[in-house]
Asker: 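Dropping the structure in here first, questions after.
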Amino acid sequence: MKKVYLQDSNILSPLGFTTAANFDAVFAGETSIKEHSIHSKLGNSYVSIFDQDRLANLFNQLGISNDSSRIEKLAIAALKPLIDKKAPGRKSLLVVTTTKGNIKALADSDELNTYIPSLAKHISNYFGFVTEPLTLSNACVSGLMALSLAKRYIQMGMFDDAYIVAFDEVSTFVQSGFQSFQAISTEACRPYDALRKGVSLGEAATACYISTEKNSDSIQIAADSSINDANHISGPSRTGEGLFLSIQKAMQEADISADEIDYIVGHGTATLYNDEMEAIAFNRAGLRNTPLASYKGNYGHTLAASGLLECILMATCLRKDTLLASKGFETLGTSEYINVLVNNMQAPIRTALKTASGFGGSNTALLLMKS
Amino acid sequence: MHFISNSIVIRQATVSVNGAPYFKGQPSEFKDFAKELYQHLGITYPKFYKMDNLCKLAFLASEIVLKDQDGEDIALIFSSKEGSLDTDIQHQGHIQDENSFYPSPATFVYTLPNICIGEVSIRHQLKTESMFLLAEAYQTAYIQAYSDFLIESGKAKKVLCGWLRMLKDDYVAQFYLVEKQGNIAHQINNIEQILNK
C-alpha cells in the first residue's frame, strides 16, 4: 500500500492565521474562548470567534473579493497559501468538509445559499480544480475523516495528491441547539476536568496538503479507521465501543502496539459523557498512561474544523518533539485514569494518535508517524 | 470484481426491489407513506416514530436491503444533495422569531445528515466504517472505487451505498449492497441503472 504524507498546512483561527502562529499560541497556553452575546435570546455565551477587523484585513491581503459569503471566504483563505505554493494538477483531489456550511443564510430564507455542494463547487472553481470535489459531513469527526478519506483515495491510486479544507462558523443555529441540549459550558470549557460543564463552541478554517512524496521531515498518515458505535444518535457509548474499535483497527493497520503510541490528542469536548467515554475507550485500548491532551480549551469546539486542526497541530508536535498540554485541565474528572497533560513537555515522539467522536455514533482514529 | 447483490428504489410512494415492484402506497405526504411502508414490513421498532423524514427514508430503504444481515461487517456510504436541510428548516423555524424562540433538542439532533447513518447502524448493529457525502448528484465513479477499496483492504466485508433526497416531501432513496457475491457486476453502468441516471 502506498505511503501518504502530510506536506503543508494552514490554520485560520482566532488564535492566529498560520499553523506556526497557532502552535505558538497553544504552546503559550492561550485561549480564544471569551464571553460574547451572539443572540439576545441566548444570553452570554463562551465562544471562540474571529475578530472581524483582523479577518477583513486578511481577506483583503489575500485579495478575496466581497461577493462570497463569510464562510466561503474563510475556506478560500485557509487553502490559498497552500495552492499559491503548489497548484493542483490533473490528478489532484479537493476534499471539503463542514457540518453546517453557510447555514446562516437560512435566517434570510435563502435556502439555495445553504447548499453545501454549491459551496464546495465554488471553492473548487475558485482554485481551478479539474476534478470534482468530495464533500463530507459527518458531525464532529468530519475534519479528521476528511483527512482519512483523502489518504485512502491516494492509496487507491485514483489521485496523486489531495487538498483538504475543513471549516465551520459559530452561529445562532448551532449555539441554540447545543444550549437546548444543555451541553454548553457556563465558562470556557475544561476537557477531562472534574469541574467540566460542557462544550464551548468555536470557529476555524483549516487546510492541508498531502501526497506520496517523502521528505526528511515528512509525517506519515500511517493508519485510520472510522467505526460507528451503533448505540445512540446523540449520547456517547458507555463502553466507548466505536472509538475503541477505531483505535484497534488503526493500530492493526500501522502494525504497532499501544505502548508505541507516544501522545494522544483526544476529542475532549468537555461534556460529562464524551470525556468519560474517551477515558473508557483509551483504557480498553491500553492507553491509560499515554500522555493525552484536548485542544478544545484553546479553541472551543470548531466542529468540522476541529479534527483536522488538532491533527495538524499534533503533526507539529511530532516535528518539534513537543507535547502540548490540555488547556483548562486541573483535576481528573473521569472514572478511569487517563494521563492528561497539565504542562507542555519536551520528549522524543515518533507516533501519535488523533481521535474524534460525534453525533450519529461516529468515531475516527488516525495515527501519524515520523518517517 | 465485486457484485451488487441487492438494490432498492423508493420514490413517489412506490418501492421497487432489484428492479421489480415491491410495494405501492397511497399517494400521500411522505410521513404517511413512511408509516404505511413501516407497517407493511411488519416490524416493531418504536424509535422509528421519533426519526425525522430523512432518517425514516434511510431506515426503510436499509430495512429492506439488509433483511437478515444484522451484525455483519457492512460499511455504510450514504450521500445526498440536501443533507439535513429538511430538518434544518424546522430548527430555523424554532429560532427565527425572537418572540417564540424555542429550539428543541429532538429537532436539533437531526440537523446533521449522518444521523441517519447512526439510526441504521443502531438498528442493524453495524459497528462498521461509515461516511456521509454531499454532492450535486451521485458520484458514481468515486463511490464505486471507494466501495471496492473498503472490501479489498479488509475495512469492510460488504458496503451499503445509498443516495438520498429529502426536502419538503420530495424524496428519493436509491440503495444497493456491494459484496463479493451476486448477480450484477459492480460497474458504473449497472450502478447508474439503479440510479436511473
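The sequence lines fix the lettering, A, B, ..., with proteins before strands; numbering per chain opens at 1.
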Asker: Side chain, backbone, both or neither: which part of B/Ile77 has a non-hydrogen atom closer than 4.5 Å to chain A?
Answerer: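 Contact with chain A: none, neither part.
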Asker: Between A/Glu203 and A/Arg70 (salt bridge meaning N to carboxylate O under 4.0 Å), is one present in this structure?
Answerer: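 The answer is yes: the pair qualifies as a salt bridge.
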Asker: Could you go through the salt bridge (charged side-chain N to carboxylate O under 4.0 Å, His left out) check for B/Lys47 and B/Glu119 one step at a time?
Answerer: CA-CA 9 Å; B/Lys47 272 187 204 149; B/Glu119 295 283 20; 6.0 Å; no
Asker: Is it the backbone or the side chain of A/His232 that comes under 4.5 Å from a heavy atom of chain B, or both, or neither?
Answerer: backbone
Asker: Could you look at A/Tyr153 and say if it's the side chain, the backbone, both or neither that has a heavy atom under 4.5 Å from chain B?
Answerer: side chain
Asker: Is any NZ, NE, NH1 or NH2 atom of the basic residue among A/Lys121 and B/Glu136 found under 4.0 Å from an Asp or Glu carboxylate oxygen of the other?
Answerer: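 The answer is no: the pair does not qualify as a salt bridge.
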Asker: Considering only NZ, NE, NH1 and NH2 on the basic side and carboxylate oxygens on the acidic side, decide whether A/Lys100 and B/Asp88 come within less than 4.0 Å.
Answerer: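 Salt bridge: yes.
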Asker: Between A/Ser109, A/Ala120, A/Pro133, which shows the greatest number of heavy-atom pairs under 4.5 Å with chain B?
Answerer: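 Maximum pair count with chain B is reached by A/Pro133.
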Asker: What part of A/Ser225 gets within 4.5 angstrom of chain B, counting heavy atoms only: side chain, backbone, both, or neither?
Answerer: both
Asker: For a 4.5 angstrom cut-off between non-hydrogen side-chain atoms, does B/Phe59 reach B/Leu57?
Answerer: no
Asker: Test A/Glu169 against A/Lys104 for salt bridge (charged side-chain N to carboxylate O under 4.0 Å, His left out), laying out the working first.
Answerer: CA-CA 9 Å; A/Glu169 284 179 307; A/Lys104 286 177 176 175; 3.5 Å; yes
Asker: May I ask you to decide if the ring planes of B/Phe48 and B/Tyr38 are parallel, tilted or perpendicular, using 30° and 60° as cut-offs?
Answerer: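 The arrangement is parallel - the two ring planes meet at less than 30°.
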Asker: Any salt bridge linking B/Lys158 with B/Glu129? Criterion: basic side-chain nitrogen under 4.0 Å from a carboxylate oxygen.
Answerer: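 Judged by the 4.0 Å cut-off on N to carboxylate O distance, B/Lys158 and B/Glu129 do not form a salt bridge.
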Asker: Without swapping roles, check the side chain of A/Thr114 against the backbone of A/Glu111 for a donor-acceptor pair under 3.5 Å.
Answerer: yes
Asker: Examine whether an atom of A/Ser362 lies under 4.5 Å from a heavy atom of chain B, and if so say whether it belongs to the side chain, the backbone or both; otherwise answer neither.
Answerer: side chain
Asker: Heavy-atom pairs under 4.5 Å with chain B: which of A/Ile116, A/Leu149, A/Ile103 has the most?
Answerer: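 Ranked by heavy-atom pairs under 4.5 Å with chain B, first place is A/Leu149.
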Asker: Where does the angle between the aromatic ring planes of A/Phe359 and A/Phe178 fall among parallel (under 30°), tilted (30 to 60°) and perpendicular (over 60°)?
Answerer: parallel
Asker: Which region of A/Glu253, side chain (C-beta onward) or backbone (N, CA, C, O), has a non-hydrogen atom less than 4.5 Å from a non-hydrogen atom of chain B, or is it both or neither?
Answerer: side chain
Asker: For A/Tyr115, is it the side chain, the backbone, both or neither that has a heavy atom under 4.5 Å from a heavy atom of chain B?
Answerer: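 The answer is the side chain of A/Tyr115.
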Asker: With a 4.5 angstrom heavy-atom cut-off, is it the side chain or the backbone of B/Gln96 that approaches chain A, or both, or neither?
Answerer: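 The side chain, not the backbone.
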Asker: Less than 4.0 angstrom from a charged side-chain N to a carboxylate O is my criterion; do B/Glu63 and B/Arg123 meet it?
Answerer: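 Counted as a salt bridge, because a side-chain N and a carboxylate O are separated by less than 4.0 Å.
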Asker: Flag the one option from A/Leu245, A/Asn363, A/Asn231, A/Thr99 with the top tally of heavy-atom pairs under 4.5 Å to chain B.
Answerer: A/Asn231
Asker: For the residue pair B/Phe78 and B/Phe175, categorise the inter-ring angle as parallel (less than 30°), tilted (30 to 60°) or perpendicular (more than 60°).
Answerer: tilted
Asker: Go through the atoms of A/Lys249 and report whether side chain, backbone, both or neither lie under 4.5 Å from a heavy atom of chain B.
Answerer: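 Contact with chain B involves no heavy atom of A/Lys249 at all.
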Asker: Tell me, side chain or backbone of B/Lys155 under 4.5 Å from chain A's heavy atoms, or both, or neither?
Answerer: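 Looking at B/Lys155, just its side chain touches chain A.
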Asker: For B/Ser130, is it the side chain, the backbone, both or neither that has a heavy atom under 4.5 Å from a heavy atom of chain A?
Answerer: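 Interface part for B/Ser130: both.
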Asker: Any donor-acceptor pair under 3.5 Å linking the side chain of A/Gln175 with the backbone of A/Ile38?
Answerer: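 Checking the backbone N and O of A/Ile38 against the side chain of A/Gln175, no donor-acceptor pair under 3.5 Å is found.
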Asker: Which bit of A/Ser40 is near chain B, if near means a heavy-atom gap under 4.5 Å: side chain, backbone, both or neither?
Answerer: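 For A/Ser40, the side chain is the part near chain B, not the backbone.
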Asker: Only pairs of heavy atoms separated by less than 4.5 Å count here; which of B/Gly118, B/Ser121, B/Pro105, B/Gly83 has the most with chain A?
Answerer: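 Highest number of heavy-atom pairs under 4.5 Å: B/Pro105.
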Asker: With the threshold set at 4.0 Å, does a side-chain nitrogen-carboxylate oxygen contact exist between A/Asp224 and A/Lys151?
Answerer: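 Yes.
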Asker: Sort out for me which of A/Val96, A/Thr97, A/Ile227, A/Leu42 touches chain B most, counting heavy-atom pairs under 4.5 Å.
Answerer: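 Heavy-atom pairs under 4.5 Å are most numerous for A/Ile227.
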Asker: Chain A heavy atoms under 4.5 Å from B/Ser104: which part of the residue, side chain, backbone, both or neither?
Answerer: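 Looking at B/Ser104, just its backbone touches chain A.
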Asker: Need one label for A/Val141: side chain, backbone, both or neither, based on atoms under 4.5 Å from any heavy atom in chain B.
Answerer: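 Neither the backbone nor the side chain of A/Val141 comes within 4.5 Å of chain B.
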Asker: Of the listed residues (A/Ala183, A/Gly177, A/Gly361), which shares the most heavy-atom pairs with chain B below a 4.5 Å separation?
Answerer: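 Of A/Ala183, A/Gly177, A/Gly361, A/Gly177 has the most heavy-atom pairs under 4.5 Å with chain B.
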Asker: Quick check on B/Leu126 against chain A: is it the side chain, the backbone, both or neither that has a heavy atom closer than 4.5 Å?
Answerer: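 Backbone only.
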Asker: Classify the ring geometry between B/His91 and B/His94 as parallel (under 30°), tilted (30 to 60°) or perpendicular (over 60°).
Answerer: perpendicular
Asker: Give, as side chain, backbone, both or neither, the part of B/Tyr142 having an atom under 4.5 angstrom from any heavy atom of chain A.
Answerer: both
Asker: Is it the backbone or the side chain of A/Phe159 that comes under 4.5 Å from a heavy atom of chain B, or both, or neither?
Answerer: side chain
Asker: In terms of heavy-atom proximity below 4.5 Å to chain A, should B/Leu76 be classed as side chain, backbone, both, or neither?
Answerer: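 Neither the backbone nor the side chain of B/Leu76 comes within 4.5 Å of chain A.
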Asker: Does any heavy atom of chain B fall under 4.5 Å from the side chain of A/Leu93, the backbone, both, or neither of them?
Answerer: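 Just its side chain gets close to chain B.
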Asker: Could you check which of B/Leu150, B/Val120, B/Leu167, B/Leu133 has the highest count of heavy-atom pairs closer than 4.5 Å to chain A?
Answerer: B/Leu133
Asker: Under 4.5 Å heavy-atom distance to chain A, tell me which part of B/Tyr110 shows up: side chain, backbone, both or neither.
Answerer: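 The side chain, not the backbone.
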Asker: Is there a side-chain contact between B/Lys157 and B/Glu179, using heavy atoms and a 4.5 Å cut-off?
Answerer: no
Asker: Can you tell me which portion of A/Asn228 sits under 4.5 Å from chain B's heavy atoms? Options are side chain, backbone, both or neither.
Answerer: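 Contact with chain B is through both the backbone and side chain of A/Asn228.
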Asker: Ignoring hydrogens and geometry, is there a side-chain-to-backbone donor-acceptor pair from B/Ser80 to B/Leu164 under 3.5 Å?
Answerer: yes
Asker: Using non-hydrogen atoms and a 4.5 Å limit, figure out which bit of A/Leu106 sits close to chain B: side chain, backbone, both or neither.
Answerer: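 Contact with chain B: backbone and side chain both.
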Asker: Under a 4.5 Å heavy-atom cut-off, does chain B meet the side chain of A/Asp229, its backbone, both or neither?
Answerer: backbone
